[in-house]
Participant: 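One structure is given below, represented as structure tokens, and several questions about it will come after.
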Amino acid sequence: MCGIVGIVGKSNVNQALYDALTVLQHRGQDAAGIVTSHNGRLFLRKDNGLVRDVFHQRHMQRLVGHVGIGHVRYPTAGSSTSAEAQPFYVNSPYGITLAHNGNLTNVEQLAKEIYESDLRHVNTNSDSEVLLNVFAHELAQRGKLQPTEEDVFAAVTDVHNRCRGGYAVVAMITGYGIVGFRDPNGIRPIVFGQRHTDEGVEYMIASESVSLDVLGFTLIRDLAPGEAVYITEDGQLHTRQCAVNPQLTPCIFEHVYLARPDSIIDGVSVYKARLRMGEKLAEKIQRERPDHDIDVVIPIPDTSRTAALELANHLGVKFREGFVKNRYIGRTFIMPGQAARKKSVRQKLNAIELEFRGKNVMLVDDSIVRGTTCKQIIQMAREAGAKNVYFCSAAPAVRYPNVYGIDMPSAHELIAHNRTTQDVADLIGADWLIYQDLPDLIEAVGGGKIKIDKFDCAVFDGKYVTGDIDENYLDRIERARNDASKVIAQGVGATIGLYNN
């Protein structure tokens, strides 16, 4: 899970890119980067850390140009050194920078092809740099001194032919414009929009519509699976379907946890989808325990609040805020080590005792992945005096790794892998555990005004929509994603252009 943004403006876009990345900060807290283009030169700043920590005034002043792209990152495998912070850069052809959200499932094959056939060097372990080199090579094959939109779209078509997996991409071709494109299954989200200024029309490409809203852009639409958008530096917009057989199968976990509730993804309101998740959970509780003794419904902030509120409404039970959140602690799901996650939960949440004492409490969370957080929260509820602690997950049991750009960890780290619901309830210490049913989740997300027939639900059902995932591949990513193998290193900022600090 990463956040991407690209802007073609009429004046310097550094502040707009910065603001957009702060809105997308929930998608990655490991690293951030911005690159701009001015008079044929690139200006890049990237480093580990939050957006506010990576970019200081001296950096912003040097990020000049009316065209640029940005990225917030969290690692899905391997190290989290600043060497893998994005955007990445290659000088040939034209000078191309690229930022990517997702994961390539055939990256080993591509890396070999890049070295042996394309004669290109890859300097990191990032699949984003591999994708950049594939795109650069295919664009170079056109052999043009000045690329046209036809050349750009032909290069994207070749990228789709060579790359497998889930990917949403923004790339800047120095002196020419910005291109955005989406994998043929539409797994990862990407939207584009426009705003009118006194100087003319400006365009923006981003992971989520909320970043457009905050900056005053009007959403045009999502990119379709396999589609590309190319916006020239002078503000000409071109779109083209670049895949042979595109099929919309977006990642359903975007609606469960990843996206902000005020975003609209593939025409579906994340907020409304989460409300419907709460309705479905209430219906399941009423079926399984019509005589339940729940006194109060309490959400685990923040992602589950919407579903919990609707669940309480449909059950006719009080909804209360039982935990106060320290907003200066990062999202535990995307922290790179188990020890860091365990330590952060107590720092992040504190129970309001009067909402728990002597009550049968239903805690609601968006999902249960490793079980680390919910186990500690249940213990906190008991220490606050809860009589019984029930636990409700707005998502089904997470039993399989994600391979399309979410650090849904190796299978043996997933608490529900090869375990029953009762097994999980015993492990986390819940008196009763209820999971959302997958058909209900699909209906909650895809059953609004915009109908989506199929989703990537692989973390729940083990069915990988790209069709190229086998046990050997899962074994390889398990070795890469094992918490013990992750190296957390302090890196230094990387720059291209005028400055280094």
Participant: Could you go step by step and tell me if Thr232 and Tyr203 meet the side-chain contact (heavy atoms from CB on, under 4.5 Å) rule?
Facilitator: CA-CA 10 Å; Thr232 63; Tyr203 292 96; over 6 Å; no
Participant: Could you check if a side-chain atom of Tyr404 sits within less than 4.5 angstrom of a side-chain atom of Asp456, using non-hydrogen atoms only?
Facilitator: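 In short, these two side chains touch, coming nearer than 4.5 Å.
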Participant: Measure from the side-chain N and O atoms of Thr157 to the backbone N and O of Cys242, and report whether any donor-acceptor pair falls under 3.5 Å.
Facilitator: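 Yes, Thr157 side chain to Cys242 backbone: donor-acceptor pair under 3.5 Å.
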Participant: Would you name the heavy atoms of Gly70 and Leu17 that are closest together and state the gap between them?
Facilitator: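 Nearest heavy atoms, Gly70 then Leu17: N-CD2, 4.2 Å.
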Participant: So, are Asp302 and Lys325 salt-bridged, with charged N and O less than 4.0 Å apart?
Facilitator: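 Lys325 and Asp302: salt-bridged.
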Participant: Are any non-hydrogen side-chain atoms of Ile96 and Leu132 less than 4.5 angstrom apart?
Facilitator: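 They are in side-chain contact.
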Participant: Which residue, Gln436, Lys272, Glu310, forms the side-chain contact (heavy atoms from CB on, under 4.5 Å) with Met277?
Facilitator: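 Single side-chain contact (heavy atoms from CB on, under 4.5 Å) partner of Met277 among Gln436, Lys272, Glu310: Gln436.
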Participant: Please identify which of these residues, Ile406, Asp365, Thr303, Val369, meets the side-chain contact (heavy atoms from CB on, under 4.5 Å) condition with Tyr257.
Facilitator: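 The option that passes is Thr303.
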Participant: Between the side chains of Asp468 and Arg164, is the shortest nitrogen-to-carboxylate-oxygen separation below 4.0 Å, so that they form an ion pair?
Facilitator: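 No, Arg164 and Asp468 are not salt-bridged.
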Participant: Side chains of Gln29 and Gln25 only: does a donor on one sit below 3.5 Å from an acceptor on the other?
Facilitator: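 There is no such pair between these side chains.
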Participant: Taking all non-hydrogen atoms of both residues into account, name the closest pair between Cys163 and Leu104 and its distance.
Facilitator: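 Here Cys163 and Leu104 meet closest at CB-CD2, 4.1 Å.
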Participant: Report the C-alpha distance between Phe135 and Val156 in whole Å, list the side-chain angles of each, state the deciding distance to 0.1 Å, and finish with yes or no for side-chain contact (heavy atoms from CB on, under 4.5 Å).
Facilitator: CA-CA 7 Å; Phe135 176 65; Val156 173; 4.0 Å; yes
Participant: Is any side-chain heavy atom of Asp470 less than 4.5 Å from a side-chain heavy atom of Tyr473?
Facilitator: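 A side-chain contact under 4.5 Å exists here.
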Participant: Answer yes or no: is there an ion pair linking Arg120 with Glu129, defined by an N-O contact shorter than 4.0 Å?
Facilitator: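 So Arg120 does not pair with Glu129 through a salt bridge.
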Participant: Just by distance, no angles: are the side chains of His160 and Tyr167 close enough, under 3.5 Å, to form a donor-acceptor pair?
Facilitator: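 His160 vs Tyr167: donor-acceptor pair found between side chains.
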Participant: Does a donor on one side chain sit under 3.5 Å from an acceptor on the other, for Gln194 and Thr218?
Facilitator: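 Thr218 and Gln194 do not have a side-chain donor-acceptor pair below 3.5 Å.
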Participant: Looking at Phe88, I'd like to know if the NZ or CZ of Lys46 sits under 6.0 Å from its six-membered ring centre while staying within 45 degrees of the ring's axis.
Facilitator: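 Lys46 over Phe88 ring: yes.
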Participant: May I ask you to test the Ile69-Val5 pair for a side-chain heavy-atom distance under 4.5 Å?
Facilitator: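 Sidechains of Val5 and Ile69: no contact.
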Participant: Below 4.5 Å, heavy atoms only, C-beta onward: do His38 and Val67 meet side chain to side chain?
Facilitator: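 Sidechains of Val67 and His38: no contact.
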Participant: Would you say the side chain of Leu414 lies within less than 4.5 Å of the side chain of Arg399, judging by non-hydrogen atoms?
Facilitator: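 Contact flag for Arg399/Leu414 side chains = no.
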Participant: Could you tell me whether Asp262 and Arg260 have a side-chain N and a carboxylate O separated by less than 4.0 Å?
Facilitator: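 Between Arg260 and Asp262 there is a salt bridge, with a charged N closer than 4.0 Å to a carboxylate O.
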Participant: Hey, is Lys10 close enough to Glu202 for a salt bridge, meaning N to O under 4.0 Å?
Facilitator: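 Looking at Glu202 together with Lys10, the answer is no, because their closest N to O distance does not fall below 4.0 Å.
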Participant: Work out which heavy atom in Ala31 is nearest to a heavy atom in Ala85; give both atom names and the distance.
Facilitator: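 Shortest heavy-atom contact: CB-CB, 3.8 Å.
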Participant: Quick one about Glu413 and Ser410 (side-chain donor to acceptor, distance below 3.5 Å, no hydrogens or angles considered), yes or no?
Facilitator: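 Indeed, the side chains of Ser410 and Glu413 share at least one donor-acceptor pair under 3.5 Å.
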Participant: Does the pair Phe391 and Ile300 meet the rule for a side-chain contact (heavy atoms from CB on, under 4.5 Å), with working shown?
Facilitator: CA-CA 10 Å; Phe391 202 95; Ile300 297 173; 3.6 Å; yes
Participant: Please test Leu44 against Thr97 for side-chain contact (heavy atoms from CB on, under 4.5 Å), starting from the C-alpha separation and ending with a verdict.
Facilitator: CA-CA 10 Å; Leu44 170 66; Thr97 51; 6.0 Å; no
Participant: Are Asp118 and Asn133 packed together at the side-chain level, in the sense that at least one heavy-atom pair is separated by less than 4.5 angstrom?
Facilitator: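 They are not in contact (no side-chain heavy atoms under 4.5 Å apart), so the answer is no.
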Participant: Of all the heavy-atom pairs spanning Met1 and His26, show the shortest one and how long it is.
Facilitator: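 Between these two residues, the closest heavy atoms are CE-O, 3.3 Å.
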Participant: Test your reading of the model: is there a side-chain donor-acceptor pair from Ser207 to the backbone of Ile4, 3.5 Å cut-off?
Facilitator: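 Judged by distance alone, yes, a pair lies under 3.5 Å.
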Participant: For Ala444 versus Arg276, what's the shortest heavy-atom pair and its separation?
Facilitator: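 In this case the closest contact between Ala444 and Arg276 is O-NE, 2.5 Å.
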Participant: Do the two ring centres, one from Tyr400 and one from Phe460, sit under 6.0 Å apart?
Facilitator: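 No, too far apart.
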Participant: Is any side-chain heavy atom of Ile231 closer than 4.5 Å to one of Val229?
Facilitator: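 They are in side-chain contact.
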Participant: Are side-chain N/O atoms of Glu478 and His412 paired as donor and acceptor at under 3.5 Å?
Facilitator: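 Side-chain D/A pair, Glu478 to His412: present.
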Participant: Using salt bridge (charged side-chain N to carboxylate O under 4.0 Å, His left out) as the criterion, point out the one residue from Arg240, Arg221, Arg182 that pairs with Glu227.
Facilitator: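 Answer after filtering Arg240, Arg221, Arg182: Arg221.
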Participant: Can you name the closest pair of heavy atoms from Ala16 and Ile7 and give their distance?
Facilitator: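 Looking at all heavy atoms of both residues, the closest pair is CB-CD1, 3.6 Å.
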Participant: Quick one: which of Val256, Ile252, Ile265, Asp266 gives a side-chain contact (heavy atoms from CB on, under 4.5 Å) with Val445?
Facilitator: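 Per the side-chain contact (heavy atoms from CB on, under 4.5 Å) rule, the option paired with Val445 is Ile252, out of Val256, Ile252, Ile265, Asp266.
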